[in-house]
Amino acid sequence: DSGVTQTPKHLITATGQRVTLRCSPRSGDLSVYWYQQSLDQGLQFLIQYYNGEERAKGNILERFSAQQFPDLHSELNLSSLELGDSALYFCASSVDAGAAYEQYFGPGTRLTVT
Amino acid sequence: KNQVEQSPQSLIILEGKNCTLQCNYTVSPFSNLRWYKQDTGRGPVSLTIMTFSENTKSNGRYTATLDADTKQSSLHITASQLSDSASYICVVSPSGGSYIPTFGRGTSLIVHP
């Protein structure tokens with residue numbers, strides 16, 4: 001158990017809908033990362049937050065948005081869902097924002113868009 | 001364009017044998033290289049992280065090497081166990097500016113009894 005929690009574990013929804021994925025980082029970690037893993041693309045970095053502020057942005061679509069709250073939990077919002085958004089979404093956390101810090105991954109949320 | 005290529009794509013070995021996985025990258029400038037182990041349907045778990053100045057790092061039966069000149073890394077697994085069956089992912093992060101890592105597609109390792 002990494003100490004990072006993600007809810008829900010599974011999510012099934014229809015195209016065009018909007019969903020929110022939630023992540024609670026390890027106690028004491030200030031940085032949160034979101035990743036998408038699909039069969040055809042592998043793991044991709046979406047976005048990073050550090051202590052409530054956006055720190056880095058990767059291959060995140062405009063239909064997706066995220067935020068980190070004062071209690072450091074984070075939410076990833078996915079809207080106007082398409083079939084291709086079906087994937088595993090992972091959250092990871094680290095104690096600080098630098099690239100060299102160890103990241104601890106949560107168990108993931110499996111999103112299925114039908 | 002930053003790229004990370006891993007080989008082989010998949011590998012089957014017998015329990016107790018050793019194996020070596022390869023990772024070649026074009027990411028520049030280079031900050032660090034990580035190897036992750038990912039069991040099916042679970043989150044990746046970090047095995048090693050190496051910076052530019054490190055050329056070997058071990059974690060139990062896992063030993064990673066890095067040649068920053070040729071931009072190559074390898075992960076050597078000694079005395080494989082059934083629990084080593086997983087996907088092994090190489091991730092390279094650039095230095096300077098924001099953290100935007102490049103992931104390899106992974107090597108799928110199956111260890112048979």
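Lettering follows sequence order; numbering is per chain, from 1.
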Peer 1: With sequence neighbours excluded, give me every disulfide bond (SG atoms under 2.5 Å apart) pair touching residues 64-114 of chain A.
Peer 2: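 Checked against disulfide bond (SG atoms under 2.5 Å apart) - neighbours excluded - the pairs reaching residues 64-114 of chain A are A:Cys23-A:Cys91.
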Peer 1: Which region of A:Tyr35, side chain (C-beta onward) or backbone (N, CA, C, O), has a non-hydrogen atom less than 4.5 Å from a non-hydrogen atom of chain B, or is it both or neither?
Peer 2: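 For A:Tyr35, the contact with chain B is made by the side chain alone.
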Peer 1: To check you understand the geometry: which heavy-atom pair defines the closest contact between A:Phe45 and B:Phe103, and what is its length?
Peer 2: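 The pair with the smallest heavy-atom distance is N-CE1, 4.2 Å.
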Peer 1: Side chain from CB out, backbone as N, CA, C, O: work out which of these in A:Leu39 comes under 4.5 Å of a heavy atom of chain B, or both, or neither.
Peer 2: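 Backbone only.
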Peer 1: Looking at CZ of A:Phe105 and OG of B:Ser46, how far apart are the two atoms once the value is rounded to the nearest 0.5 Å?
Peer 2: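 Rounded to the nearest 0.5 Å, the CZ-OG separation comes to 9.0 Å.
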Peer 1: Would you kindly confirm whether A:Val4 and B:Tyr36 end up in one hydrophobic cluster when ILVMFWY residues are joined by side chain heavy atoms under 4.5 Å apart?
Peer 2: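 Each belongs to a different hydrophobic cluster.
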Peer 1: Transitively linked via ILVMFWY side-chain contacts under 4.5 Å: A:Leu46 with A:Val113?
Peer 2: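 Linked, A:Leu46 and A:Val113 end up in one cluster.
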Peer 1: Around atom CZ of A:Arg26, are there more than 12 heavy atoms from other residues, nucleotides or ligands closer than 6.0 Å?
Peer 2: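 Counting neighbours around CZ of A:Arg26, more than 12 heavy atoms of other residues, nucleotides or ligands fall under 6.0 Å, so yes.
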Peer 1: Which answer fits A:Gln103, side chain, backbone, both or neither, if we ask what part of it has an atom under 4.5 Å from a heavy atom of chain B?
Peer 2: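 Interface part for A:Gln103: both.
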Peer 1: Given a strict heavy-atom distance threshold of 4.5 Å, which part of B:Ser31 is in contact with chain A: side chain, backbone, both, or neither?
Peer 2: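 Only the side chain of B:Ser31 comes within 4.5 Å of chain A.
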Peer 1: Which heavy atom in A:Leu43 sits nearest to a heavy atom in B:Pro44, and how many Å separate them?
Peer 2: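 Scanning both residues, the minimum pair turns out to be CD1-CG, 3.9 Å.
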Peer 1: For chain A, find which of B:Ser93, B:Pro101, B:Gly106 contributes the most heavy-atom pairs closer than 4.5 angstrom.
Peer 2: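 Greatest number of close heavy-atom pairs with chain A: B:Pro101.
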Peer 1: Following the transitive rule for hydrophobic clusters with a side-chain heavy-atom cut-off under 4.5 Å over Ile, Leu, Val, Met, Phe, Trp and Tyr, establish whether A:Tyr33 and A:Tyr49 coincide in one cluster.
Peer 2: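 No, it is not one cluster - the side chains of A:Tyr33 and A:Tyr49 are not joined through contacts under 4.5 Å.
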Peer 1: Are B:Met50 and A:Tyr101 connected in the hydrophobic side-chain network, where two residues link if heavy atoms are under 4.5 Å apart?
Peer 2: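 No, separate clusters.
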Peer 1: Got a donor-acceptor contact below 3.5 angstrom from the B:Arg105 side chain to the A:Asp40 backbone?
Peer 2: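 Between the backbone of A:Asp40 and the side chain of B:Arg105 there is a qualifying donor-acceptor contact (under 3.5 Å).
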Peer 1: Which heavy atom in B:Arg42 sits nearest to a heavy atom in A:Phe90, and how many Å separate them?
Peer 2: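 B:Arg42 and A:Phe90 have their closest heavy atoms at O-CZ, 3.4 Å.
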Peer 1: As an exercise, state the distance from CD1 of B:Ile100 to CD of A:Gln44, rounded to the nearest 0.5 Å.
Peer 2: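 B:Ile100 CD1 to A:Gln44 CD: 12.0 Å, rounded to 0.5 Å.
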Peer 1: Does B:Val91 belong to the same Ile/Leu/Val/Met/Phe/Trp/Tyr cluster as A:Ile60, with side-chain heavy atoms less than 4.5 Å apart forming each link?
Peer 2: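 Each belongs to a different hydrophobic cluster.
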